[in-house]
Structures are given as C-alpha cells and as structure tokens.
Amino acid sequence: MSTIIKVENLSKQYRLGSVGTGTLSHDINRLWHKMRGKEDPFMTIGEENDRTSKGSSDYVWALKDINFEVAQGEVLGIIGRNGAGKSTLLKVLSRTTSPTKGTVKIKGRIASLLEVGTGFHPELSGKENIFLNGAILGMTKNEIKSKFDQIVDFAGVERYIDTPVKRYSSGMYVRLAFAVAAHLEPDILIVDEVLSVGDLEFQKKALGKMQDVSNQQGRTVLFVSHNLSSLRALCTRGMLMVNGKVVSQGNTNEIINEYEKNYSLDLNAEWVNPYDRETANFVDTIKVLDRDALVRDTFLTTESIFIEMKIVIKEKIDYVKVGFELLKNQEVVFRSQQVDMNKMNTFSPGNYSIIGTIPALFLNEGQYYIRPLFSVHCLKSLMTIYDAVLTFKVKMDTSISEFHSNLSENTHPGIIFPSLNWEITKYE
C-alpha cells in the first residue's frame, strides 16, 4: 500500500512557563541568527521531556527526532506513559500546532478527535456543528446532508440535535464529535484518549466503526489509548513513545508487551495510606504477599497470591465491606469483597488484618493493579474506592509442560488462565 503519512526528524520544543516561543529577547535572537543563515541557537539546548525530574533548562523537547511512516488503510496504535508526547504528536499531525523542526508529509483529508470540544463551536447546535465540520473538511452541503442521518443515529443524540452543544454532557459531546469525524469520509482519522469519556456501549461501537473505516473503506486510523485490550483488538501496528521519542515500532502485541515490561507503572507491592488519618475508620496498609507472608511483586502462574489489607476501626461499626478490584489494561478482572451478604458484621474498635487469596492457576501472565474498596455503616454509610495503588506481575511457569508443549511464550490469550477440572466419559 502507498504511504499516506511520512514523518521525518520531527521535533517540538517548548519553553517551560511561557506561552509561545518565550521572551522577546529570545525571539529577536532567533531572528538575528536566521537572517545571518545560522542555526537557531535554542535548537542546541533543551532537555529530554522527563516529567519525573526537575532538570536544569527552561527548554524541553516534547518531541525529539521522530521518524515513521503510515500506509493507507493501516491502523497505528500509539502507546506510552502520560507525558510521553503522544498528544503533542497528534496535534502536529492534525496541524493544530506546528513543529519546531522536521517535516510531516500527509496525503488526504484529516479528521481529528483530540479532546472534548475539539472542532465544535459551543454556541452552535449539534446540527450546525455537523455542517461546520463538514465544511472544514472540504465537503459540499449535499455531501454532508447525505451523511447527516447516519451521524445523528450513530451518536444517539437526535433529541438534542438542535440544542447548542455547550449544554451537552461530555459523553454526548464525544459521541457527536466522533460520529462526525468518522462519517464525513476523512482519508485519515486521528483519535486520542477521549473515547474513554463515553460509556462502555459507545466505546465498543466506536471501536467497531474504526475497524470498519479501516477494513471496509481503506482509510487510515491513528489511535492513542491507555486501554491496551482495545489497542490489541483494533491496531495493525504499534508504536511506543518514551519521553518524546519513538523507541519501538512493529507488531502491536510485541509493542504492548514491551510497554508492560519496561515502561508501565513501577511495581509496588506494598502501600501505606498517607491520607485519611483523621477519619474514624480507614485502610492503613495493603500488601501483596506470597504463602510465606513475604511481600512480592512478581509471581508465577502456579503460585497463590495473598492480598492483605489492614484497617483501623475507631468506633463500633454495624456493617463493613473490605475488598478490592483487580484490574488489567484498565479493565476490571473481578471485584472481591470480604462480607457475608446474608448477615451484618460487627467490628469493635481496633486494628484488623483481612487477607483475600487469588488462587494459583487462575491469572494469565501480565501486569495487574489493585484498587482497594472500604465500605462502612455506622452513623452514616461511607464507601471509599481508592485509586489503583498496588501493582504486581504474573509470569508463566514454563515448567508446566502440558500448557507449553509446542507453544512459545506469550501465546495464551485472555486475562485469566484457569486450571479447570475435566471429566472424560466414554459412551456408546
């Protein structure tokens, strides 16, 4: 297939704390060097965009020496931590910001969905914004009319189509914006993380539409998401970005595996609550343990995993639920809670340790996150859902020959990898 996007030596520099290029003196300095045919003096300075360190320069490279090509009909998934430069790259490709240096060659029309509100005028109705976006893409009024009913039906906002979009919820906004971007026949569809604003039904619908746009219509899609399962399902190729640089390109599964192994959240199998110390009751610590009660951050598929939660109770509680959600790729694998729903639990003041067990031969390999839950009922009901504060990794136990006979590593699909009981009965 022909190349539809070609990026060469692309870089984008920002000056911290400033709007635009910086101070007037810096701009004059740049102009003076340019008039004399010399290199911009500020191109030789600047630091890697590592948000975890303070650094010594006011200039950072949000993008640095990016090179890649995208073929027509390809679905490219771009992954990386927050601050890796993914959104900046999409803004440059969408022409909403210009590169500091380098070239971007694009064939065809681009429709972008970069953030809630992109491309819509808040005072105009949904209907008026559909025609406005179509005109921006270079479509005639008749062409837009032919797609209008499909857009409204897909977005599911028919009742509000004549209402100014400033009155839309963020979910309605994204539904209509995506429907417009996907149906007005762009050659290239660029979608950032905004789909996470929509509900699960719409996310599935949008992913199906992007697959249709690529497979059936031969159009190109650039997709940024932290939902790794969606990237696996949709993308034909992956690209990993770290601190403004492209570090890997290739097979989607291989790129995601590299990201999970080297660049996702650091493993942290023990958490001490820095908050809630003044409340009546709180979760004090959470740990991921092995069967010897030792803190571990890596387990084999054949090992049981013990989640210990220590809670502090300062007043009598008539009812309590303590538990956690286990997540992978931002999807909930399961929610488990320590309460017998058929009777009330009474906790007197004191410190308690509660341990939940994830059995061996249950989880597939990969990285998992724990989101603690703590619900109490005394004078009033209170439910606390902590953010994902713990993470651990599961690796395949290659000694299990029956699971690995003639199979290479990372060939088992699915989130769980259970050992089921099988019965064989011979019958006539």
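The structure displayed is predicted, hence computed values, not measured ones.
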Is it the case that the side chain of [X] and the backbone of [Y] share a donor-acceptor pair, with hydrogens and angles ignored and the cut-off at 3.5 Å?
{"X": "T301", "Y": "N364", "value": "no"}
{"X": "N9", "Y": "G102", "value": "no"}
{"X": "S419", "Y": "L361", "value": "no"}
{"X": "Y160", "Y": "R167", "value": "no"}
{"X": "T298", "Y": "K393", "value": "no"}
{"X": "E365", "Y": "F417", "value": "no"}
{"X": "S214", "Y": "G73", "value": "yes"}

Taking all heavy atoms of [X] and all of [Y], pick out the closest pair and write down the distance.
{"X": "R232", "Y": "T252", "result": "CA-CG2, 4.2 Å"}
{"X": "S230", "Y": "L207", "result": "OG-CD1, 3.5 Å"}
{"X": "H121", "Y": "L132", "result": "CB-CD2, 4.4 Å"}
{"X": "A179", "Y": "F154", "result": "CB-CD2, 3.8 Å"}
{"X": "I415", "Y": "K328", "result": "CG2-CD, 4.3 Å"}
{"X": "S225", "Y": "I79", "result": "O-CG2, 4.0 Å"}

Within a strict 4.5 Å, meaning less than it, do heavy atoms of the [X] and [Y] side chains meet?
{"X": "E8", "Y": "K105", "answer": "yes"}
{"X": "E74", "Y": "I5", "answer": "no"}
{"X": "V295", "Y": "L289", "answer": "yes"}

Hey, is K287 close enough to E270 for a salt bridge, meaning N to O under 4.0 Å?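 Looking at K287 and E270, the cut-off is met.
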Within a radius of less than 6.0 Å around CD of E158, do more than 12 heavy atoms belonging to other residues, nucleotides or ligands occur? no
Please determine whether the number of non-hydrogen atoms from other residues, nucleotides or ligands lying under 6.0 Å from atom NZ of K209 exceeds 12. yes
For the residue pair K12 and Y14, would you count it as a cation-pi contact if the rule is NZ or CZ under 6.0 angstrom from the ring centre and within 45 degrees of the ring axis?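 Yes.
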Straight-line distance of [X] [atom1] to [Y] [atom2], nearest 0.5 Å:
{"X": "R81", "Y": "L240", "atom1": "CZ", "atom2": "CG", "value": "10.5 Å"}
{"X": "L231", "Y": "N253", "atom1": "CG", "atom2": "CG", "value": "10.5 Å"}
{"X": "I78", "Y": "F68", "atom1": "CD1", "atom2": "CZ", "value": "5.5 Å"}
{"X": "F324", "Y": "I358", "atom1": "CZ", "atom2": "CD1", "value": "4.5 Å"}
{"X": "I106", "Y": "S94", "atom1": "CD1", "atom2": "OG", "value": "7.5 Å"}
{"X": "M241", "Y": "I255", "atom1": "CE", "atom2": "CD1", "value": "12.5 Å"}

May I have the step-by-step check of side-chain contact (heavy atoms from CB on, under 4.5 Å) for D297 and V288, ending in yes or no? CA-CA 7 Å; D297 59 22; V288 182; over 6 Å; no
Go through V152 and I130 one step at a time and tell me if the side-chain contact (heavy atoms from CB on, under 4.5 Å) criterion holds. CA-CA 9 Å; V152 176; I130 292 174; 4.2 Å; yes
State which residue, out of R109, R219, M210, fulfils the side-chain contact (heavy atoms from CB on, under 4.5 Å) condition with L189.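 With L189 as partner, side-chain contact (heavy atoms from CB on, under 4.5 Å) holds for just one option, M210.
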Indicate every side-chain donor-acceptor pair of residues 303-313 with a distance under 3.5 Å to a residue at least two apart or in another chain.
from	atom 1	to	atom 2	distance (Å)
E303	OE1	R296	NH2	2.8
E303	OE1	L300	N	2.8
E303	OE2	R296	NH2	3.1
S304	OG	A360	N	3.4
E308	OE2	S353	OG	2.8

Where do S125 and I161 land on the side-chain contact (heavy atoms from CB on, under 4.5 Å) test, with the steps shown first? CA-CA 6 Å; S125 68; I161 198 62; over 6 Å; no
Those residues that, when tested against Y368, pass ring pair (Phe, Tyr, Trp, His ring centres under 6.0 Å) (two or more places apart):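 Partners of Y368 by the ring pair (Phe, Tyr, Trp, His ring centres under 6.0 Å) criterion, ordered by chain and then number, come out as F392.
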Which atom pairs, donor and acceptor, lie under 3.5 Å between side-chain atoms of residues 140-150 and protein residues at least two apart or in another chain?
from	atom 1	to	atom 2	distance (Å)
T140	OG1	E143	N	3.2
T140	OG1	E143	OE1	3.3
E143	OE1	T140	N	2.8
S146	OG	E143	O	2.6
K147	NZ	E185	OE2	2.8

